[in-house]
Amino acid sequence: MTIAELYQSRKNDPCWNTSYPISPSDWAVYRVPGPLSFENDHRLSFYIHIPFCKQLCSFCEYTRMLCPDENVQRDYLLAIANDIERFKQQYKDVTLLGFDIGGGTPTSLSEKNFSLLMQIYQRAISGVELDDQYEPSIEGTFNTLSEQKLEAMSKNGFHRLSLGVQSSCNSVLHQHQRGSSNEAIMSSWLEKAWEKGIKKVNLDFMYGLNGQNELTIRQDLELISRLRPQQVTLYELRTNMISAKESFSKEELFDQYVQYYDGLIALGYYARFGQNTFSVDATDEGVSSYLRERMLNGAAYKGFGLSAQSMSSSGIAYNVGKLAVTPQNELNKKGYPELFTYLLPPTELASKYMAISAYNGSFSIARLRDYGISERSLNEILSFCIDEGLLYKGERDWMFITKKGFKHYGALFSLFYASHTVSVVYK
């Protein structure tokens, strides 16, 4: 099969998006016992996963559960604290590039346990060198915020807060089992966050949700124009990750993104076309340093907590709880070790890098060469993409997606996936 045929065959297949591997079985041959090694990764990020939520939205693909009682919350946090301490004892020469706390909904923790979370964060960064561009971030929702939690964030160095909105239309949200917050409440919390020293507030929106149309997207843009968050992130619904049937074609998803993009640019936000993050600051990528290092540089990261993912120069691992049908049954006081560890060849790590880079609509040719992608494969795929007007070359060996390329970005970026490209095209 030629590169052109491969691209055509994937253009309208929803499984090709920002997820990799396509199926866990793709990596079965690489699975090994024991934890992932970080011996060669002294510069990395930390991530803590808090799987607790006040409500379970049907569009969410991550491990989450209804928020348990305070004692269970506390036990979960203390187990994570022990896991972090063990990691730091094993790897002493560490420079942190970033530190994200996500979920789930970290702010769904009780006041007391949220305070404990901040204490755990402080212990985690104690004695560790922080990169000059280090910028921690935490996720939340409007209905789980409190002034005490905002004060604790700011006091402990979290000056970036990412809040999920997804849609301003109640009928869209209710189709996905998600409650809504009215504009006055959202505006009030944003003002309080800024007053407490949260310098950057990001609002997450999604497209591809059931019930979305030009009118609901226009309402989202009008809401953004009034709230004026520093950053906005757009996520496309990945139906293959939640076993749901897609509601929109690739062309319709493209049109929805275009409406958001044009509207946000008109409001004064900055982003390249094909990028999913928007910022009022033209020099800011619109993400935390943890995500920036992952997307742009394929940097290493260690995940703590139920089902959290880790990546090093050796491979990728997923903690206990990944793929669990009832993740609440995996809660324990002993910790959350890596259960699925994959020792990956460089070309598979390159594939993971490409999947994550798709969020930014760009990737580094030099980084792919570092991973060991063959010049023959790389040059032929790049030539096809450039000749077809799917990619264009920028400065310092960076490639950027075009409008034409973004319409089928999943098919485009997957051309660089090792197990689904080299083995097919170059038999």
Side-chain angles (χ1 to χ4, degrees), residues 38 40-48 84 87-88 91-102 106 118 120-140 153-163 193-194 197-204 229-233 269-272 275-304 308-313 349 352-354 356-368 370-371 394-400:
F38 284 83
N40 299 317
D41 303 278
H42 302 292
R43 292 172 58 80
L44 73 159
S45 296
F46 281 174
Y47 172 81
I48 290 178
I84 295 174
F87 184 86
K88 289 177 63 181
Y91 301 102
K92 299 180 185 300
D93 182 20
V94 166
T95 296
L96 283 182
L97 304 173
F99 199 130
D100 275 18
I101 302 178
M118 293 295 99
I120 291 170
Y121 167 74
Q122 284 298 330
R123 289 200 293 270
I125 64 173
S126 175
V128 174
E129 186 172 346
L130 303 181
D131 184 74
D132 291 342
Q133 302 301 312
Y134 176 84
E135 182 183 37
S137 181
I138 189 165
E139 296 178 357
M153 291 176 203
S154 183
K155 178 181 177 181
N156 287 281
F158 284 88
H159 301 301
R160 183 182 188 275
L161 170 63
S162 185
L163 297 168
W194 294 324
I198 310 294
K199 301 173 183 177
K200 296 179 183 178
V201 176
N202 170 76
L203 297 185
D204 284 343
Q230 284 77 23
Q231 299 173 350
V232 175
T233 303
Y269 289 87
Y270 293 91
R272 282 175 289 96
Q275 189 175 346
N276 82 324
T277 56
F278 299 76
S279 176
V280 295
D281 182 352
T283 65
D284 192 324
E285 288 285 344
V287 292
S288 66
S289 56
Y290 161 78
L291 287 176
R292 183 176 64 245
E293 289 293 334
R294 282 188 65 186
M295 286 195 306
L296 302 185
N297 302 318
Y301 51 92
K302 170 59 181 174
F304 300 96
Q309 180 187 119
S310 300
M311 178 176 174
S312 74
S313 57
L349 289 171
K352 187 66 174 181
Y353 165 68
M354 289 299 296
I356 298 300
S357 294
Y359 283 112
N360 193 255
S362 70
F363 61 91
S364 166
I365 300 174
R367 193 73 182 98
L368 290 181
D370 290 343
Y371 281 119
E395 297 180 356
R396 301 191 305 277
D397 266 351
W398 276 87
M399 299 300 301
F400 299 96

message = Between S289 (side chain only) and L97 (backbone N and O only), is there a donor and an acceptor less than 3.5 Å apart?
response = yes

query = Under 4.0 Å between a Lys/Arg side-chain N and an Asp/Glu carboxylate O for E135 and K200?
reply = yes

query = Parallel, tilted or perpendicular for F158 and Y121, by the 30°/60° rule?
reply = tilted

ask   = What pair of heavy atoms forms the shortest contact from Y47 to A308, and how long is it?
value = CD2-CB, 4.4 Å

note = Here the pair of heavy atoms bringing S357 nearest to S362 is CB-O, 3.0 Å

message = Within the 3.5 Å criterion, strictly below it, is a donor on R272 or N360 matched to an acceptor on the partner's side chain?
response = yes

request  = For residues F278 and P229, determine if any side-chain heavy atom of one lies less than 4.5 Å from a side-chain heavy atom of the other.
outcome  = no

key: From CG (L349) to CG (D370), nearest 0.5 Å   = 12.0 Å

query = Do N297 side-chain atoms and A299 backbone N/O form a donor-acceptor pair below 3.5 Å?
reply = no

request  = Could you list the residues that satisfy ring-ring contact (aromatic ring centres under 6.0 Å, His included) with F400, not counting sequence neighbours?
outcome  = Y392

Distance-only side-chain donor-acceptor flag, E285 / Q275, under 3.5 Å = yes

message = I'd like to know if the side chain of N40 pairs up with that of S313 as donor and acceptor (distance under 3.5 Å, no hydrogens or angles considered).
response = no

note = When rounded to the nearest 0.5 Å, the distance separating CD of E139 from OG of S162 is 5.5 Å

message = With a 4.5 Å cut-off on side-chain heavy atoms, are M311 and D41 touching?
response = no

task = Report yes or no: does Y353 contribute a side-chain atom to a donor-acceptor pair with the main-chain N or O of L296 at less than 3.5 Å?
result = yes

query = Are side-chain N/O atoms of R160 and Q231 paired as donor and acceptor at under 3.5 Å?
reply = yes

note = Heavy-atom nearest pair, Y269 first then Q230, reads CE2-O, 3.9 Å

query = Donor-acceptor pair, S137 side chain versus D100 backbone, under 3.5 Å?
reply = no

message = I'd like to check L44 versus S312 (side-chain heavy atoms, cut-off strictly below 4.5 Å). Are they in contact?
response = no

key: Under 3.5 Å donor-acceptor, Y301 side chain and R294 backbone   = no

query = How far does OH of Y134 sit from CD of E129, to the nearest 0.5 angstrom?
reply = 12.5 Å

